[in-house]
Amino acid sequence: MSNILYKIRCALARFLYGRNGVDALGWAMLVLGVLLNLASTLVRIPVAVSILSYVSLALWVAIFYRMLSRKVDKRRRENAKFLTWWGPIQNNLRGARARRADKTHKYVRCACGTYCRVPRGVGKVELTCPKCGAKRIVKT
């Protein structure tokens with residue numbers, strides 16, 4: 001029995017060799033596909049259900065096409081383009097989560113968009129932005 005499983009595993013490995021596999025864009029498409037499937041089950045309007053189902057099906061086909069594609073350079077370019085769009089959003093989400101978790105500091109946003117960290121419970125502090133050099137008084 002284990003000999004058959006070994007042969008199947010080797011055949012699958014030969015088939016998948018040189019293929020793209022799952023990357024960041026593939027994971028994002030997978031999550032979007034699951035969300036569209038969930039939305040299609042929750043919506044009660046028949047036209048919306050059919051549209052969501054067809055869009056979800058097209059997305060699943062695209063996911064499997066990208067995963068099994070041998071055009072690795074094209075898939076890497078697609079993934080890089082996606083990451084240039086998604087990277088800043090992901091960094092902002094991670095930074096916001098870290099700022100909320102930090103209970104010993106207060107984060108003040110400067111006019112230039114930079115977040116400056118100030119210790120909590122000190123009182124009034126003159127804050128100088130490290131990026132633009134603007135000064136302001138901040139109550140911690």
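Each residue takes its place number in the sequence, starting with 1. All values below come from the heavy atoms of this structure, side chains included, with hydrogens, waters and symmetry mates left out.
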In this structure, would [X] and [Y] fall into the same cluster of hydrophobic residues linked by side-chain contacts under 4.5 Å?
X	Y	result
L30	L57	no
L25	L93	yes
L32	L42	no
F64	W27	yes
V34	I51	yes

Review point. Would you say Y17 and R14 make side-chain contact, with heavy atoms under 4.5 Å?
Key: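 Result no, sub-4.5 Å side-chain heavy-atom pair not found.
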
Compare every heavy atom of [Y] with every heavy atom of [X], then report the nearest pair and how far apart it is.
X	Y	answer
C116	L127	CB-CD2, 3.7 Å
V108	V118	CG2-CG2, 4.4 Å
H105	D102	ND1-OD2, 3.1 Å

Rounded at 0.5 Å granularity, tell me how far [atom1] in [X] sits from [atom2] in [Y].
X	Y	atom1	atom2	result
L68	L16	CG	CG	7.0 Å
Y115	N92	OH	CG	7.5 Å
L52	L35	CG	CG	11.0 Å
L83	I89	CG	CD1	11.5 Å
E78	M29	CD	CE	8.5 Å
K124	I137	NZ	CD1	8.0 Å

Review point. Should we count CZ of R94 as having more than 12 external heavy atoms under 6.0 Å?
Key: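 Atom CZ in R94 is not crowded, with 12 or fewer foreign heavy atoms closer than 6.0 Å.
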
Practice item. State whether the number of non-hydrogen atoms from other residues, nucleotides or ligands found under 6.0 Å of I45 atom CD1 is greater than 12. Key: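 Not buried by this count: 12 neighbours or fewer within 6.0 Å.
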
Exercise for review: Could you list all the side chain to side chain donor-acceptor pair (under 3.5 Å) pairs where at least one residue sits in residues 39-54, not counting sequence neighbours?
Suggested key: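 Sorted pair list comes back empty.
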
Practice item. If a pair satisfies side chain to side chain donor-acceptor pair (under 3.5 Å) and one of its residues is in residues 125-140, list it, with sequence neighbours excluded. Key: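 Residue pairs passing side chain to side chain donor-acceptor pair (under 3.5 Å), neighbours aside: none found.
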
Exercise for review: Mind running side chain to side chain contact (heavy atoms under 4.5 Å, CB included) on V55 and L59 for me, showing each step along the way?
Suggested key: CA-CA 6 Å; V55 170; L59 194 60; 5.5 Å; no

Practice item. For N37 and S56, test the side chains for any donor-to-acceptor distance below 3.5 angstrom and give the result as yes or no. Key: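 Indeed, the side chains of N37 and S56 share at least one donor-acceptor pair under 3.5 Å.
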
**Study point:** Residue that, paired with D23, satisfies salt bridge (charged side-chain N to carboxylate O under 4.0 Å, His left out) out of R75, R76, R66
**Key:**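 Single pass found, and it is R66.
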
Review point. Does the R70 side chain pair with the main chain of R19, one donor and one acceptor, at a distance under 3.5 Å?
Key: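 Checking the backbone N and O of R19 against the side chain of R70, no donor-acceptor pair under 3.5 Å is found.
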
Review point. Are the side chain of K106 and the backbone N or O of K103 linked by a donor-acceptor pair below 3.5 Å?
Key: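 Not confirmed, K106 side chain does not pair with K103 backbone.
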
Review point. Should the ring pair F82 and W86 be called parallel, tilted or perpendicular, given that the plane angle runs from 0 to 90° and is split at 30 and 60?
Key: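 If you compare the ring of F82 with that of W86, the planes turn out parallel.
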
Practice item. Check the pair M67, I63 against side chain to side chain contact (heavy atoms under 4.5 Å, CB included), reporting the backbone distance first and the verdict last. Key: CA-CA 6 Å; M67 281 176 32; I63 290 169; 4.0 Å; yes

